[in-house]
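All values below were derived from every heavy atom in this structure, side-chain atoms included, with hydrogens, water molecules and symmetry-related copies excluded.
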Amino acid sequence: MSSNSWADVSESERAPSGGGWGYSRPSRTNYVPPHLRSRTPSSEFVAPSPGNNDRGGYGGANSGYGGRGQGYGGRGSGYGGRGGPVGGWNARSGGWDRRDTETNPFGNDGNADPAVNEQENTVINFEAYEDIPIETSGDNVPPPVNTFAEIDLGEALNLNIQRCKYVKPTPVQRNAIPILAAGRDLMACAQTGSGKTAAFCFPIISGIMKDQHIERPHGVRGVYPLAVILSPTRELACQIHDEARKFSYQTGVKVVVAYGGTPVNQQIRELERGVDILVATPGRLNDLLERGRVSLQMVRFLALDEADRMLDMGFEPQIRKIVQQMDMPPPGVRQTMLFSATFPREIQRLASDFLSNYIFLAVGRVGSSTDLIVQRVEFVHDSDKRSHLMDLLHAQRENGNQGKQALTLVFVETKKGADSLENWLCINGFPATTIHGDRSQQEREVALRSFKTGRTPILVATDVAARGLDIPHVAHVVNFDLPNDIDDYVHRIGRTGRAGNSGLATAFFNDNNTTMAKPLAELMQEANQEVPDWLTRYASRASFGGGKNRRSGGRFGGRDFRRESFSRGGGGADYYGGGGGYGGVPGGGYGAMPGGYGPVPGGGYGNVPGGGYAPYGRGGGAYYGPGGYGTVPNQGYGPGVASAWD
DNA sequence: AAAAAAC
């Protein structure tokens, strides 16, 4: 049999009865997309009955987990004979035999057992989550959950969640997963480092597992992914792929990544070995679509990571082509999920083209991000930037661990500037590398790895590295050149202070950045940062950054634009419903940082011992308090690993 | 104006 679209698949195929895997899409019950309205009733979507959620699968005693003898991960242990993939790439039923040979994404052989897997464990402050402000809007918003177990994601996925050492869902996960599991479209705005990748991957993987039996067309050539995840950069696509592979280990769900700068034929071969979830950058995906190597007609899940970037001027035409001008099912047939830390109004308006009766979700103040990032702004003329950077790096080296240079990510405006600064740093005894779009893909990957491992602890980057990349232990982000958009600033500084660790962000400001004065001052103030008087003076000049910036009004990039029209009046009504603005709950309930950079008081983010950040010492040297930078232990944090929290 | 993203 050959199905030509998701809607053609019969109900019984979509939702196996009695299996408890019922795929529930309550919001879709009556929706028939325009292009299908003339079809026969049998092809119309009928919502299957809600699935049982009472299987007890994941719950309490962890049936199966920890039982080492149970053989879930046993290579060759019991998933049936490897009779060769049935029917080739498109045989979902062939999913089982894939697992025998699936390489373990969690590390070395033998570490697949969640009980013994000793991964690097980045912890996150779950206590702080109690106060996180959440805003949702839309029709019939499914309530949040407090545990992963409350959603029946499936046993294999639950095991992977354990292998990842995710104990509790982060706020964005608590809210987004039930929304997505209910089949709803979603626009989600959650801070950098808050666990967005898992928030969209879990429901996608779970949804595909529930429909393992769906048959896809037997094309002469071309593959039919069930889910597409788009990313604005190649490295981020890679990272999402790595994460998604962990989440889908032993589930029978196959994840493949496709991006440019690398031989296309190899990727095509990989695709032809089977793909359920395709992670891609837009250019390469369009290439594959034009070549007829990929068809989108079976796509049920579409996720745009860094969605506001994907829909900005540079990317919008490519995204429209993929989403609207190829064979992708329309909104309401596919499920669409957009995630970012920032969501400017005009982009929201654009994005609503891609969504159907969607829910808007804004999650503020997640365990790291802005609150654990100390932001500094210094007035530095262009001609002084290099020597000033040198001062920072020297101070850091002197105060760092065993004289080692802490990982420092330096953002510049241009590719040329990146090369030039990198060269200058190297000449001056600071091991640096660079990542930008003029370098070959191999060079980019080498640079990133070299930075991550600390071999070259300084990475000079353009905005290619601004979004989504999860690089553990970045102690310091330097905005050597400020971006022109406050949202870009938010994403850049979000490369530090991730998953509960603290971080420092230093920006060099001068007369070329006057349009940033106001939004920057506001952002810093809202994040309880010390705003220098000179910056406040710049900000107060009407001509400086007053009009241009969309964030003026003092809100974090996330209020549902559909509500703007009737909730004006609030005087730029704040997104979190209070005077606090960015991360501010009315009444300042967050245990805001007291003036300066002292320790965060208890009750806020837990303790940051070590004296926090010493006041900025003019004489050089004292950027970091005693106790050292990057040595801030995470006390009182629940276990929970993240390697990619965006 | 720059950056990113296909060959």
Side-chain angles (χ1 to χ4, degrees), chain A residues 228-241 257-268 270-271 278-294 296 304-323 325-326 340 342 344 347 382 409-422 434-445 447-448 459-469 477 479-492 495 508 510-516 545 548-549 646:
Chain A
V228 168
I229 300 172
L230 294 175
S231 145
T233 66
R234 298 164 182 174
E235 287 76 14
L236 182 57
C238 256
Q239 178 181 297
I240 295 166
H241 172 248
V257 67
Y259 53 82
T262 174
V264 73
N265 284 329
Q266 200 175 313
Q267 283 175 3
I268 290 172
E270 188 60 35
L271 285 164
L278 175 56
V279 184
T281 49
R284 177 54 61 93
L285 178 55
N286 266 322
D287 188 10
L288 292 166
L289 291 169
E290 282 166 10
R291 291 166 187 250
R293 309 311 295 240
V294 172
L296 301 176
L304 303 194
D305 201 4
E306 308 297 344
D308 57 329
R309 165 62 80 238
M310 303 301 282
L311 296 172
D312 81 3
M313 289 199 310
F315 273 118
E316 196 214 344
Q318 294 180 68
I319 301 300
R320 273 197 196 281
K321 184 168 179 197
I322 292 167
V323 177
Q325 290 156 32
M326 304 304 287
S340 182
T342 52
I347 301 284
D382 281 346
L409 181 50
V410 182
F411 282 103
V412 296
E413 197 61 20
T414 65
K415 296 177 276 201
K416 199 167 147 240
D419 281 336
S420 149
L421 182 59
E422 177 225 23
T434 182
I435 185 167
H436 60 70
D438 273 356
R439 305 200 80 195
S440 73
Q441 189 54 29
Q442 191 179 356
E443 288 171 325
R444 286 164 58 157
E445 281 163 23
L448 194 55
L459 179 64
V460 183
T462 60
D463 270 329
V464 69
R467 285 174 172 259
L469 293 189
V477 169
N479 274 292
F480 189 90
D481 301 318
L482 270 169
N484 294 313
D485 185 324
I486 192 68
D487 287 345
D488 291 335
Y489 174 84
V490 169
H491 286 274
R492 285 180 177 188
R495 293 321 96 209
F508 296 171
N510 62 36
D511 285 327
N512 298 323
N513 311 115
T514 51
T515 55
M516 282 288 284
K548 173 181 190 293
N549 211 287
D646 270 355

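The nearest whole Å value for the distance from the CG atom in A:Leu482 to the P atom in B:dA3 is 16 Å. Here the P atom of nucleotide B:dA5 and the CD atom of A:Glu290 are 18 Å apart, to the nearest Å. For the pair A:Glu413 CD and B:dA4 P, the interatomic distance rounds to 11 Å; values are reported in whole Å. Following rounding to the nearest Å, A:Lys416 (NZ) and B:dA3 (P) show an atom-to-atom distance of 10 Å. The separation between A:Glu316 atom CD and B:dA5 atom C1' is 15 Å, rounded to whole Å. Atom CG in A:Asp308 sits about 14 Å away from atom C1' in B:dA4, given to the nearest Å. Residue A:Asp481 contributes atom CG, which lies 13 Å from atom C1' of B:dA3 at whole-angstrom precision. Atoms CZ (A:Arg439) and P (B:dA5) sit 14 Å apart, rounded to a whole Å.
For the pair A:Thr462 and B:dA4, the criterion of a side-chain N or O lying under 4.0 Å from OP1 or OP2 is met. Side-chain N/O atoms of A:Arg444 include one lying less than 4.0 angstrom from OP1 or OP2 on B:dA5. Using a 4.0 Å cut-off, some side-chain N or O of A:Thr281 falls inside it from OP1 or OP2 of B:dA6. Between A:Lys415 and the phosphate of B:dA4, there is a side-chain N or O to OP1/OP2 separation shorter than 4.0 Å. Using a 4.0 Å cut-off, no side-chain N or O of A:Arg309 falls inside it from OP1 or OP2 of B:dA3.
A donor-acceptor contact under 3.5 angstrom links the side chains of A:Asp419 and A:His436, judged on distance only. With no hydrogens or angles considered, a side-chain donor-acceptor pair links A:Glu445 and A:Gln441 at under 3.5 Å.
Set against B:dA4, B:dA2, B:dA6, the side chain of A:Asp287 has B:dA6 as its closest nucleotide.
In this structure, A:Thr262 reaches the sugar-phosphate backbone alone: every heavy-atom distance under 4.0 Å involves primed, P, OP1 or OP2 atoms, never a base. Nucleic acid contact class of A:Gly314 (heavy atoms, under 4.0 Å, all strands): base.
For B:dA5, the base has a donor-acceptor partner in the side chain of A:Gln318 [N/O atoms by modelled type, under 3.5 angstrom].
Not counting sequence neighbours, the partners of A:Asp481 by the side chain to side chain contact (heavy atoms under 4.5 Å, CB included) test are A:Lys385, A:Val412, A:Glu413. The ring-ring contact (aromatic ring centres under 6.0 Å, His included) test applied to A:Phe411 returns no partner, not counting sequence neighbours.
Using a 4.0 Å cut-off between a side-chain N of Lys or Arg and a carboxylate O of Asp or Glu, A:Arg309 and A:Asp488 qualify as a salt bridge.
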